[in-house]
Undergrad: 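Structure incoming, see below.
Numbering of ligands and ligand atoms starts at 1, following listing order.
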Amino acid sequence: MLNKAKLLRERLKSGPIVRVMGAHNGLGAKLIERYSYDAIWASGLEISTSHALPDANILTMTENLDAAQAIHEASKLPVVCDCDTGYGNASNVKHMVRKYEAAGLAALVIEDKQFPKVNSFVPGRQDLTPIDEFCGKIRAGKEAQAGPDLMLIARVEALIAGFGLEEALKRANAYADAGADAIVIHSKSTSPDEIFEFAKRWKRTTPLIAIPTTYNQVTAQQLEQAGFRMVIYANHGLRAAIRAMDSVFKAVDEAGTTAPVENQIASMKEVFELQGMSLMKEDEKKFSEKESVQAIIPAARDHQFQPDLQQLLADKPLCMLKLGEKTLLDRQVDAFHSVSIADILVVGGHRYEQLKAGGIQVLNNPDYQTHGCAQSVLFAKPKIKGSTVVLYSDIVFDRDILGRLLQSPYPITLVIDRSFKSLPAREKALDLVNTVGGSAPKTTRNLRVEPYKAIKSIGQSLGNGASHEFIGMAFLRKEGWAALTHAWEKACQEFEGKRFYESDSVQKADLTDLLAYMIELGFPIFGLEIEQGWSEIHSRDDYERVLAHFQKPVLTTS
Ligand code: SPV
Ligand code: MG
C-alpha cells in the first residue's frame with residue numbers, strides 16, 4: 001500500500017517547496033491531481049462551508065475525518081489535514097491521531113487556539129491556548145501514533161491573535177521541542193514581511209509552512225527562498241466553486257433555459273470521467289459481467305403466403321407494421337432492452353432496408369427467398385458470442401415472458417403456450433409441441449407448478465394430440481446454440497437433396513424442423529409453459545385484433 005505519510009515526509013526534506021492545494025471532497029482532490037501539486041489540504045474552512053456551517057468547530061471530528069478520508073481515497077496525493085485545535089484537550093488529540101492515522105492520512109495540523117476556535121480571518125475572539133497545554137497536546141499526539149511516518153504539525157496563531165513575532169517564535173520553538181514535525185506560521189497580513197522575518201529568525205531544522213491567503217502576491221519561489229518548505233493554498237477551490245455555481249444559477253434563472261450556460265460548464269463526459277465511471281465499467285467487464293445474451297430476430301420473409309397481408313407488406317417487412325405509436329419491431333426491441341439485451345441482430349431479406357429500430361443490427365440475407373426460417377436464424381451465426389434469444393418477428397408478447405425465459409437453466413428452452421386447445425381453431429398451421437407429462441392439472445391445488453416441461457416432439461402436423469403451442473421465442477444458452485449449429489451442419493450433409501422433417505429441403509427448413517431433428521438426436525429441449533399473454537400476426541384479422549389492443553384507451557380507476 002502506498003505510504004503517503006512517508007512520501008510527504010521525504011518530500012519535505014529536500015527538493016522544491018511542497019505545493020498543497022485545498023479541497024473539501026473527493027471531486028476537489030481529483031481536480032487537484034490533474035496538476036503538479038504535491039499534496040492536498042483538507043481545509044476546515046472548505047469542509048465547514050460545504051455544509052453551510054461556520055468554520056468554528058461546529059462540525060465534529062468524525063465529520064471532518066470523513067471529508068479528509070474521501071479526499072484521501074479519491075487521489076494518490078498525500079493529504080494534509082486541518083484538525084483545528086485537535087477537538088479538545090490532549091486526550092482528544094490522542095484519539096484523533098489514532099483515527100486519522102488508521103485512515104491513512106499523511107499529516108495533521110493542530111492550531112494553538114482555544115476550543116471552540118474561529119477561522120483566523122474572522123475578527124473578534126482568537127484566544128490562544130497556554131503554551132504548556134499545547135505542548136502537552138503535541139506530546140500526546142506523538143505518543144499516540146502507531147507508526148513513524150504520520151506528521152503532526154503545530155500551527156502558530158500568535159500573529160493572527162496580535163501577539164507579535166517574539167511570542168510566535170517562543171511558541172514555535174516550544175512546539176518543535178515538544179516533537180512537532182513542522183510549524184505553520186499563520187498570518188493575516190497582506191504582506192509576507194512578518195512571516196519572512198519569522199523565517200529569518202527560525203534557526204531549527206523543523207520545516208516551516210506558509211498559508212498565503214492574505215499576502216497572495218507572494219510566489220512559491222519567494223517563499224522557498226525565504227526558507228519555507230511548504231505552501232498551502234487553503235481555500236481557492238471553494239471560492240472558485242462558489243463563484244462558478246452562482247453565475248450559472250443566475251444565468252439559468254434569468255434565461256429560463258440552461259442553453260446559454262452549456263458551454264461554460266463541464267460536459268457529462270467529464271463528470272463521468274471524474275467519477276471513475278470508465279474504470280468501473282472495465283471492472284464490471286472483468287469481474288462481474290453476467291453472461292451477455294444476444295437476440296436474433298429472423299425477419300426476412302415477404303409473407304406472400306399470407307394473402308390478406310400482402311398489400312400491407314408490399315413495401316415493408318411484417319415487423320415494421322405499426323401497432324399504435326410503435327412498430328412491432330420497436331415493441332420487441334423495447335422488451336429486449338427491458339431485460340438488458342442490447343445486442344439485437346435482425347436478419348432481413350424482403351425490404352430489409354426498411355428495418356429500423358433503436359440500436360438493432362440488420363444482417364441482410366440476399367438468399368432469403370430460397371431459405372427457410374432455420375437458415376435465417378443461422379445466418380446470424382458469425383455474430384453470436386454465447387447465449388441468444390431467438391424471437392420470431394411476427395409476435396407480440398408480455399415482457400415478463402421474456403424475463404422468465406431468461407431464468408431457464410436449460411441449454412435450449414422454448415416458450416410453449418398451453419391455452420391453444422381452448423381457443424377457437426386458427427386457419428394457419430401452428431407450431432405444436434408435445435411434452436412429457438402434459439400440463440399441470442387445473443383441478444388440484446399445486447403448491448409449486450413446475451414451469452419447465454421436457455419436449456417430446458415438435459411440428460406443425462402433431463394435430464390434436466399436441467399439448468402446447470411453440471410461440472416463436474426460444475432461449476439458447478451457449479451450449480444450446482453450439483448444439484443447434486452443430487445439428488444444422490449435420491443435417492445439411494445428411495439431408496442433402498431430401499425432405500427434412502416437415503419441409504421440402506434443409507434449405508427451406510423451419511426452426512421447428514431443426515429442433516425436431518435435435519430431439520431425435522437425443523438433445524434435451526425444454527419448454528417454459530405459459531398461458532396466453534402473446535399473439536402472432538399471421539393474418540389481417542390477427543393484425544386488426546393486436547392493433548385494437550394497442551389503441552385501446554388506457555383504463556383509469558375512479
Ligand atoms: C482552513 O483552510 O480552514 C485554514 C486556513 O485553516 S485559513 O482559512 O486560511 O485560516
Ligand atoms: Mg482551518
Undergrad: Could R171 and F163 be counted as a cation-pi pair, given that NZ or CZ must be under 6.0 Å from the ring centre and within 45° of the axis?
TA: no
Undergrad: Which atoms form the tightest heavy-atom contact between L355 and C319, and what is the distance?
TA: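 Nearest pair, atom of L355 first, then C319: CD2-SG, 3.5 Å.
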Undergrad: Any chance you could lay out the side-chain contact (heavy atoms from CB on, under 4.5 Å) test for F196 and V218, step after step, and finish with the verdict?
TA: CA-CA 11 Å; F196 280 178; V218 78; 3.8 Å; yes
Undergrad: For the rings on F115 and Y87, is their centre-to-centre separation under 6.0 Å?
TA: no
Undergrad: Just to verify, which of K113, K188, H186 counts as forming a side chain to side chain donor-acceptor pair (under 3.5 Å) with E157?
TA: K113
Undergrad: Using non-hydrogen atoms of the residue, decide whether H186 is closer than 4.0 angstrom to ligand 1.
TA: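 True for this residue.
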Undergrad: Give the minimum heavy-atom separation between A29 and S75, together with the two atoms involved.
TA: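 Smallest interatomic distance, heavy atoms only, reads CB-CB, 3.9 Å.
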Undergrad: Taking the inter-plane angle between the rings of Y35 and Y37 on a 0 to 90° scale, is it parallel (under 30°), tilted (30 to 60°) or perpendicular (over 60°)?
TA: perpendicular
Undergrad: For N/O/S atoms only: which one belongs to D82 and is nearest the Mg ion (ligand 2)?
TA: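 It is OD2 of D82.
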Undergrad: Answer with yes or no whether the side chains of T388 and Q294 bring together a donor and an acceptor at under 3.5 Å.
TA: no
Undergrad: At a 4.0 Å threshold, what atoms of ligand 1 neighbour a non-hydrogen atom of R155?
TA: 4 (C), 5 (C), 6 (O), 10 (O)
Undergrad: Please report whether ligand 1 has a polar contact with I211, defined as an N or O pair separated by less than 3.5 Å (distance criterion only).
TA: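 No, since none of the N or O atoms of I211 sits under 3.5 Å from an N or O of ligand 1.
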Undergrad: Would K117 count as a polar contact of ligand 1, with the cut-off being nitrogen or oxygen pairs under 3.5 Å?
TA: no
Undergrad: Please state which part of N119 comes within less than 4.0 Å of ligand 1, counting heavy atoms only: side chain, backbone, both or neither.
TA: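 Under 4.0 Å from ligand 1, N119 contributes side-chain atoms alone.
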Undergrad: Answer side chain, backbone, both or neither: which part of D82 comes under 4.0 Å from ligand 1, heavy atoms only.
TA: side chain
Undergrad: Are any of the N/O atoms in F121 less than 3.5 Å from those in ligand 1?
TA: no
Undergrad: Looking only at protein heavy atoms, which one is nearest to atom 2 (O) of ligand 1, and what is the separation?
TA: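 Looking at atom 2 (O) of ligand 1, the protein heavy atom closest to it is S43 OG, 2.7 Å.
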Undergrad: I need the atoms of ligand 1 closer than 4.0 Å to a non-hydrogen atom of T213, numbered in the order shown.
TA: 9 (O)
Undergrad: At under 4.0 Å between heavy atoms, is it the side chain or the backbone of E111 that contacts ligand 1, or both, or neither?
TA: neither
